[in-house]
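Please read the structure below before turning to the comments.
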Amino acid sequence: MGVVTVGELKTSISGKRSFRPSSTIRHAATEWPISDVSSDVTIEIGASSFALHKFPLVSRSGRIRRLLIEAKDATISRMNLSLIPGGPEAFELAAKFCYGINIEITLLNVAMLRCAAHFLEMTEEFVQKNLEARTEAYLKDTVLPNISNSISVLHRCECLSPVSEEINLVNRLINAIANNACKEQLASGLLKLDHNFPMKTMPNIEPETPSDWWGKSLSVLNLEFFQRVLTAVKSKGLKQDMISKILINYTHNSLQGLVIRDPHIVRGSLLDMELQKKQRVIVEAMVSLLPTQSRRSSVPMAFLSSLLKTAIASSASTSCRSDLERRIGLLLDQAILEDILIPANSYGNNHGTMYDTESILRIFSIFLNLDEDDDEDNRMRDESEMAYDFDSPGSPKQSSILKVSKLLDTYLAEIALDTNLLPSKFIALAELLPDHARIISDGLYRAVDIFLKVHPNIKDSERYRLCKTIDCQKLSQEACSHAAQNERLPVQMAVQVLYFEQIRLRNAMNGGHNQFFFGTINSQFPQRSSSGAGSGAISPRDNYASVRRENRELKLEVARMRMRLTDLEKDHVSMKQELVRSHPANKIFKSFTKKLSKQLNSLFRINNLKPIGSKPNAESRFLFQRRRRHSIS
């Protein structure tokens with residue numbers, strides 16, 4: 001731009017401000033001489049006033065010229081221009097330009113000067129290379145070709161509305177950002193293609209500039225401008241992974257000071273509600289800008305989880321939460337425990353649960369009810385892939401279900417520690433997966449055992465229903481040994497564990513251990529009615545296996561009742577014997593009964609009767625009764 005000449009505003013004796021150049025500033029053109037001519041017009045902008053001269057202003061500003069012409073009083077000395085965009089700072093630079101002082105146009109003031117030039121009507125109609133033309137040249141040469149410069153100037157336009165919209169400056173900057181971003185993406189792709197082409201060698205290649213370097217600078221924009229920029233780059237064809245990175249960076253910077261709450265802020269106060277509102281607006285806007293839902297979405301699971309946690313904490317709209325739950329459900333096989341540990345919004349309820357199990361229940365149900373025809377990647381499969389059995393243990397879908405089952409068991413073990421968690425909610429999650437989703441049930445057994453330990457006072461019906469979700473055939477040897485001695489489990493389950501363990505040992509001795517233990521995985525996939533995941537009709541073989549299993553459970557129940565009755569009888573006899581032995585008159589009683597028994601036995605022998613302790617026959621009973629009647633008569 002060359003040497004910049006700047007003047008300064010000095011205060012006159014009357015207290016008004018008039019232009020006086022700094023004595024230490026060198027001018028690139030002719031020096032502006034210090035004039036003793038007093039000002040003839042005062043421009044008021046808010047609390048500031050500028051004592052100036054009419055001639056330099058009207059020579060370049062059409063608005064000031066028109067206001068002076070339209071004034072009834074030809075000797076008008078005051079004008080109010082408070083609506084000028086940029087305020088006193090913008091007018092000061094424009095006034096310097098009117099006085100012929102060269103001003104420096106930079107990224108910080110070009111938007112302000114362009115809007116001020118439009119407001120003051122400083123066009124080519126009055127003088128060549130007026131302020132409007134100067135600022136337009138700077139925009140075309142320096143701002144619009146560069147993404148970072150465009151973003152910086154767009155940020156300055158936030159406080160220049162509505163003039164910045166009227167002159168189409170905002171739209172021009174947004175379109176420039178979108179076009180340059182797509183050009184850079186294309187250039188980056190071509191560079192990678194040339195670098196990876198085997199017939200070409202490119203020595204001394206400099207490290208490639210990260211393709212998302214400009215996306216970080218978008219975080220300075222307000223939410224409205226950011227939404228418009230992202231919508232523009234999406235329409236221009238920017239890659240979804242790039243869009244995801246931009247969203248993650250902007251969301252992190254926007255919510256960084258809002259998510260971390262000040263402990264001194266009272267819950268439910270006006271300030272707290274204002275923070276929640278800001279969070280809610282940002283989260284709902286970010287969700288609306290997310291790329292299209294897909295099983296191969298470029299949006300990381302951790303980001304979606306953090307959005308859902310913030311949405312629940314800020315009481316976002318139901319549609320926003322449902323959209324996030326759907327996206328997480330599509331990618332659930334990529335999740336870890338921290339992603340699904342979503343705190344509950346316990347506002348106004350001090351006795352609420354720690355985690356939001358309702359959202360997790362819906363997320364797992366979405367995953368289990370995924371329709372392969374809805375997946376856009378399904379179109380790329382050939383006929384052989386379309387004929388693949390997605391419910392077989394080796395299929396991709398089954399592999400994902402096994403991952404999700406481990407994740408659910410870990411989640412159940414974590415939420416089981418919550419003393420306020422209702423058994424019905426825990427049971428609903430435990431019953432969610434189909435039978436073939438678990439190869440080993442040790443994780444589910446561990447979660448159930450923790451829940452029973454933390455909730456010892458649950459109803460017997462709930463305890464039985466909870467334990468029924470565990471497939472005893474899929475417990476490891478260590479889990480079976482623990483379950484057989486676990487007093488928290490119902491007796492029915494302990495009997496089942498012992499029964500299946502005995503069968504497994506017998507099959508192991510016969511060489512058929514693996515066939516029994518993993519047989520149910522390959523041939524028995526009965527679906528629970530409450531699983532929430534239908535995978536087609538059950539084959540006759542599966543139905544027959546299910547009936548056999550139910551019949552076996554009924555037989556075990558009868559056997560358990562018999563064993564229990566026998567144990568009770570033994571305990572009763574043992575208690576009676578112990579009571580007799582511990583009586584103080586035990587010895588006297590035994591001696592008396594012994595003498596009485598001898599006398600009765602001798603009497604029976606005399607009368608041809610069997611001794612005491614044996615059953616008398618019919619003849620002995622007849623003789624005894626006859627002699628007794630004779631003695632009485």
Side-chain angles (χ1 to χ4, degrees), residues 295 301 305 325 328-342 355 357-372 388-417 421 425-451 465-480 482-483 493 497 500 517-536 538 542 545-546 549:
R295 290 295 305 276
M301 170 61 71
S305 175
E325 290 172 0
I328 295 175
L330 291 173
L331 306 175
L332 191 57
D333 55 340
Q334 304 176 18
I336 59 176
L337 178 60
E338 287 74 12
D339 295 332
I340 61 174
L341 285 177
I342 301 175
Y355 302 106
T357 57
E358 297 293 337
S359 295
I360 298 302
L361 183 64
R362 290 191 293 268
I363 289 172
F364 275 87
S365 299
I366 289 170
F367 175 82
L368 294 172
N369 288 288
L370 282 179
D371 187 0
E372 294 296 329
Y388 202 96
D389 183 8
F390 279 91
D391 285 331
S392 63
S395 69
K397 181 179 178 182
Q398 178 65 17
S399 175
S400 300
I401 289 180
L402 293 177
K403 294 179 182 178
V404 170
S405 67
K406 295 179 180 178
L407 178 65
L408 180 59
D409 293 344
T410 309
Y411 176 77
L412 289 172
E414 186 69 25
I415 66 173
L417 298 170
L421 181 62
K425 294 185 176 182
F426 188 88
I427 293 173
L429 285 169
E431 293 178 342
L432 188 61
L433 295 181
D435 290 342
H436 65 276
R438 294 182 177 91
I439 293 180
I440 299 178
S441 296
D442 287 13
L444 180 59
Y445 168 73
R446 175 175 174 269
V448 170
D449 184 47
I450 294 174
F451 186 84
R465 182 182 172 188
L466 183 58
C467 294
K468 196 176 180 181
T469 60
I470 303 174
D471 189 350
C472 299
Q473 300 181 60
K474 297 179 182 179
L475 291 177
S476 65
Q477 185 175 359
E478 293 79 8
C480 286
H482 186 276
M493 183 175 179
V497 169
F500 287 123
F517 187 70
F518 297 104
T520 55
I521 301 171
N522 296 323
S523 63
Q524 298 179 10
F525 292 160
Q527 302 290 322
R528 279 196 293 267
S529 59
S530 59
S531 65
S535 60
I538 301 176
D542 294 340
S546 177
R549 184 176 177 181

Look at the side chain of N369 and the backbone N and O of S365, then say whether any donor-acceptor pair between them is shorter than 3.5 Å. yes

Please give me the minimum heavy-atom distance between C480 and V497, naming the atom from each residue. O-CG1, 3.4 Å

Does the side chain to side chain contact (heavy atoms under 4.5 Å, CB included) test come out yes or no for I440 and L475, once each step is laid out? CA-CA 6 Å; I440 299 178; L475 291 177; over 6 Å; no

Looking at S405 and A437, would you say the former's side chain and the latter's main chain have a donor-acceptor pair under 3.5 Å? yes

If every non-hydrogen atom of A413 is compared with every non-hydrogen atom of A447, which pair is closest and at what distance? N-CB, 3.5 Å

Close side-chain approach of L432 to L368, heavy-atom, < 4.5 Å: yes

I'd like to know if the side chain of K474 reaches the main chain of R438, judged simply by a donor and an acceptor atom lying under 3.5 Å from each other, with no hydrogens or angles considered. yes

Determine all donor-acceptor pairs shorter than 3.5 Å in which one atom belongs to a side chain in residues 331-341; sequence neighbours excluded.
| from | atom 1 | to | atom 2 | distance (Å) |
| --- | --- | --- | --- | --- |
| D333 | OD2 | S400 | OG | 3.2 |
| D339 | OD2 | I336 | N | 3.1 |

Heavy-atom nearest pair, A430 first then L412, reads CA-CD1, 4.0 Å

CG of D449 to CG of D442, rounded to nearest 0.5 Å, is 12.0 Å

Aromatic plane relationship, F426 with F451 - under 30° parallel, 30 to 60° tilted, over 60° perpendicular: parallel

So D435 and D471, do their side chains get closer than 4.5 Å, heavy atoms only? no

Please assess Y355 against I360 for the test side chain to side chain contact (heavy atoms under 4.5 Å, CB included), listing each intermediate value before the final yes or no. CA-CA 9 Å; Y355 302 106; I360 298 302; over 6 Å; no

Between atom CG of L402 and atom CD1 of I439, what is the distance when rounded to the nearest 0.5 Å? 4.5 Å

Closest non-hydrogen atom pair between I470 and S441, with its separation: CG2-CB, 4.3 Å

Verdict with reasoning, Y411 to T357, per side chain to side chain contact (heavy atoms under 4.5 Å, CB included): CA-CA 10 Å; Y411 176 77; T357 57; 3.7 Å; yes

Evaluate whether atom CZ of R362 has more than 12 neighbouring non-hydrogen atoms of other residues, nucleotides or ligands under 6.0 angstrom away. yes

Can a salt bridge be assigned to the pair R465 and E431 using a cut-off of 4.0 Å between side-chain N and carboxylate O? yes

Nearest 0.5 Å, what's the CG-CD1 distance between L421 and I415? 5.0 Å

To the nearest 0.5 Å, what is the distance between CZ on R446 and NE2 on H482? 11.0 Å

Which atom pair, heavy atoms only, marks the closest approach of L429 to L408? O-CD2, 3.5 Å

Any side-chain heavy atom of L444 sitting closer than 4.5 Å to one from L433? no

Donor-acceptor check, side chain of S305 to backbone of M301, threshold 3.5 angstrom: yes or no? no

